[in-house]
Protein chains: 2
Amino acid sequence: MCYKVPVNAAPPPSGSSPTLEDVARAAGVSRATVSRVINGIRNVDPAIQEAVRQAVAATGYVPNQAARSLVTRRAGVVALVVSGASGEEPGEPSPGQVFTDPFFGRVASGIIGFLRPRGIHPILMFADDAETRAQVLTYLRQGNADGALLVSTHAEDLLPRLLADAGLPAVLFARPAEPIPISYVDVEHRTGAKLAADHLVARGRRRVATITGPPNLPAAQARLAGFRDAMAVHGHPYIPCAEGNFTYHSGEAAMERLLAEHPGLDGVFAANDVMAQAALFVLRQHGLRVPEDVAVIGFDDSSVAAASRPALTTVRHPVEDMAAEMARLLLARVDQPERPATSIIFEPALVVRESA
Amino acid sequence: MCYKVPVNAAPPPSGSSPTLEDVARAAGVSRATVSRVINGIRNVDPAIQEAVRQAVAATGYVPNQAARSLVTRRAGVVALVVSGASGEEPGEPSPGQVFTDPFFGRVASGIIGFLRPRGIHPILMFADDAETRAQVLTYLRQGNADGALLVSTHAEDLLPRLLADAGLPAVLFARPAEPIPISYVDVEHRTGAKLAADHLVARGRRRVATITGPPNLPAAQARLAGFRDAMAVHGHPYIPCAEGNFTYHSGEAAMERLLAEHPGLDGVFAANDVMAQAALFVLRQHGLRVPEDVAVIGFDDSSVAAASRPALTTVRHPVEDMAAEMARLLLARVDQPERPATSIIFEPALVVRESA
DNA sequence: ATCGAGTTAGAGAGCGCTCTCTAATGGGTT
DNA sequence: AACCCATTAGAGAGCGCTCTCTAACTCGAT
């Protein structure tokens with residue numbers, strides 16, 4: 001058998017970049033064969049495969065993604081959406097702020113870690129009002145992205161429902177406040193809080209207080225409830241608490257309040273590491289030693305936990321793994337649109353360092 | 001004149017989403033006319049425009065971006081690339097870490113602020129080795145993105161050169177170490193450092209030291225040089241300095257060193273706010289009051305500057321504006337590929353707060 | 001009336017790719 | 001020697017859109 005040897009091999013693609021046709025001509029085969037070689041090779045003679053590969057190299061061919069998407073109906077892109085409140089509250093974090101949150105960094109990192117080896121990259125979008133939510137929906141409907149990975153800053157976020165109603169593939173980080181037929185990943189907050197409670201008690205702490213997250217966040221409430229329940233089991237039915245909103249400043253203020261009202265406390269569980277760090281600062285200002293006088297436990301095991309002085313004992317929130325799982329769930333859903341919503345709950349673990 | 005009234009108006013698009021053809025049929029016009037109405041309308045009878053708009057609404061039509069990109073050769077997407085070192089150094093920030101850097105957050109925020117109103121969203125990519133750099137180039141060549149906005153964590157980053165050689169539209173944040181024909185935005189670091197020097201001198205400081213950034217970063221060196229030159233003009237030819245790498249820990253260590261070697265210092269200029277904040281911490285630990293005993297000036301005016309105690313006097317680095325300008329330059333270049341590389345240098349300003 | 005310029009709508013040719021359908025070939029059965 | 005099935009390569013029909021080119025029509029000026 002002999003393959004057509006092109007007489008005048010591939011005319012150098014004059015203006016624009018080479019197409020499949022150019023490669024086919026250079027290799028002396030048909031467009032279809034080149035396509036077969038470039039994508040998963042099935043039923044192509046090894047000699048021809050090699051010829052095609054050389055032609056690709058010679059022409060410097062790069063497939064055009066738009067043409068490919070047009071027929072495959074796959075963008076090869078997912079949207080990473082940071083979604084804000086349902087209304088337009090003044091206290092909202094701005095798009096810039098959410099980035100500086102170490103939590104978001106971990107989510108992004110986990111997602112990218114999973115997606116990058118698969119040649120998929122996330123498109124970054126913010127949705128903080130009706131207009132931008134519509135923008136996200138339109139964007140997905142236009143086929144710019146195959147699905148959405150959603151990180152909501154508020155539990156009442158409207159976007160999850162909109163996405164579910166539109167039948168667009170999406171996965172949430174954290175369970176929505178109301179049940180919505182949509183996939184999500186979450187951590188067992190109650191169990192995590194229980195770990196903290198058990199540890200404080202095991203360390204002999206008897207006058208324990210807690211700094212909570214915002215009451216409208218189910219995750220924050222689960223941490224509080226889990227902590228209270230576990231402490232009740234240990235014989236401490238009443239636990240003083242001060243409300244924060246996961247920021248450093250709110251943590252400082254909360255710790256000040258706790259100290260003013262309960263000067264004798266010997267243990268604090270903060271609903272996240274940043275507030276725990278703030279608590280550390282306030283306690284030191286008051287001349288209290290950590291962990292000798294007051295034991296402190298945080299939540300998340302974010303980068304600040306190991307970096308703070310003393311290093312924070314905290315509950316590990318496997319954010320990166322959870323984010324990777326989000327991406328995995330989304331891609332599975334994109335491949336099988338009829339797949340039902342699936343959710344995965346991760347187990348937390350206690351990380352003991354110096355502060356408790 | 002009369003427009004064809006469709007006898008059996010738009011059959012409900014059975015399986016997939018409606019196409020231009022469906023809308024055209026519903027409106028009783030041609031595909032071309034619908035296209036004209038949907039994009040910038042030119043020369044279309046108002047009555048027909050209205051009919052088309054109603055047909056669009058009736059059918060729930062959303063244009064298919066892939067088909068559009070195929071013919072326009074525009075993706076409507078830009079890549080936001082965080083690019084690492086030339087080699088694979090161990091001290092490298094991981095993808096996740098770079099997110100937590102408030103600096104990156106500000107860049108992302110500025111870029112998104114500019115792009116979002118234009119319906120363009122950035123694709124997030126990391127390039128930290130030869131493979132991922134190649135991935136970025138291929139991605140752009142495939143037409144997945146029209147250009148790249150590049151934030152390098154190292155001055156020796158190879159990606160800018162690769163992009164320039166490939167003729168791909170790109171804009172850098174910060175001037176590359178070697179001259180490369182590529183657009184960039186930067187701030188006048190020397191001027192900023194001079195503002196800090198002048199202010200310290202004006203406040204009567206005579207024994208001034210500085211905490212520098214990494215020596216391989218042109219921006220860090222420009223800040224150091226600008227500070228030294230300005231202090232020399234004020235009659236202080238020798239300025240003690242300690243090297244940091246822009247992290248909190250390196251700032252702490254640098255401040256400790258300075259204090260050990262120059263116990264009588266009364267002013268410190270740190271090359272960024274994070275290190276200045278660390279300096280604040282170390283000074284307080286040593287029982288020194290800021291600004292009474294030691295005045296401290298940072299650089300960047302990042303969110304930590306206003307949040308620290310005492311609030312940091314710092315040099316404003318207009319990162320968000322610069323990032324928006326990057327996006328503007330990139331879009332201009334995408335529209336006019338022959339446009340030469342243009343760079344824009346911003347002026348810094350001193351922000352006086354409590355620390356100096 | 002006749003012409004030419006200006007405006008508006010439709011026809012149709014692709015953009016570059018994938019994928020089905022068909023044709024050709026090769027080897028094992030009967 | 002006739003047949004069938006499996007394997008491999010090519011032909012060609014779109015995917016949904018934009019955009020040029022042309023036809024039709026309007027209108028003011030000759």
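A note on names: the letters A, B, ... follow the listed sequences, proteins ahead of strands, and every chain is numbered from 1.
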What are the atom names and distances for every N/O pair under 3.5 Å that joins the protein to nucleotides 18-24 of chain D?
unit_1: D/dT18; atom_1: OP1; unit_2: B/N39; atom_2: OD1; d: 3.4
unit_1: D/dT18; atom_1: OP1; unit_2: B/N39; atom_2: ND2; d: 3.2
unit_1: D/dT18; atom_1: OP1; unit_2: B/R68; atom_2: NE; d: 2.8
unit_1: D/dT18; atom_1: OP2; unit_2: B/S35; atom_2: OG; d: 2.8
unit_1: D/dT18; atom_1: O4; unit_2: B/R31; atom_2: NH2; d: 3.3

Practice problem: Would you mind reading off the distance between B/Q65 atom CD and D/dC17 atom P, rounded to a whole angstrom? | Solution: 10 Å
Exercise. May I have the distance from B/R25 (atom CZ) to C/dG10 (atom P), rounded to whole angstrom?
Key: 14 Å
Exercise. Return no unless some side-chain N or O of B/T19 is found under 4.0 Å from OP1 or OP2 of D/dG16.
Key: no
Quiz prompt | Greater than 12 external heavy atoms within 6.0 Å of B/R175's CZ | solution = no
Self-check item: Nucleotide of D/dG10, C/dA11, D/dA9 approaching A/I48 most closely (side-chain heavy atoms)
Solution: D/dA9
Quiz item: Got a salt bridge between B/D22 and B/R31, using NZ or NE/NH1/NH2 to carboxylate O under 4.0 Å?
Solution: no
Quiz item: How long is the line joining CZ of B/R73 and P of C/dG14, in whole Å?
Solution: 14 Å
Quiz item: In whole angstrom, what separates A/R74's CZ from D/dG16's P?
Solution: 15 Å
Quiz item: How many Å lie between CG on B/N64 and P on D/dG16, as a whole number?
Solution: 7 Å
Practice problem: Using whole Å, report how far CD of B/Q142 lies from C1' of C/dC15. | Solution: 16 Å
Quiz item: Hey, does the side chain of B/T33 come within less than 4.0 Å of C/dG10's phosphate (OP1/OP2), counting only N and O?
Solution: yes
Without placing hydrogens or testing angles, list every side-chain donor-acceptor pair under 3.5 Å for residues 60-67 of chain A, not counting sequence neighbours.
unit_1: A/N64; atom_1: OD1; unit_2: A/A66; atom_2: N; d: 2.7
unit_1: A/N64; atom_1: OD1; unit_2: A/A67; atom_2: N; d: 3.0
unit_1: A/Q65; atom_1: NE2; unit_2: A/S69; atom_2: OG; d: 3.1

Exercise. In whole angstrom, give the distance that lies between atom CG of B/L70 and atom P of C/dA13.
Key: 17 Å
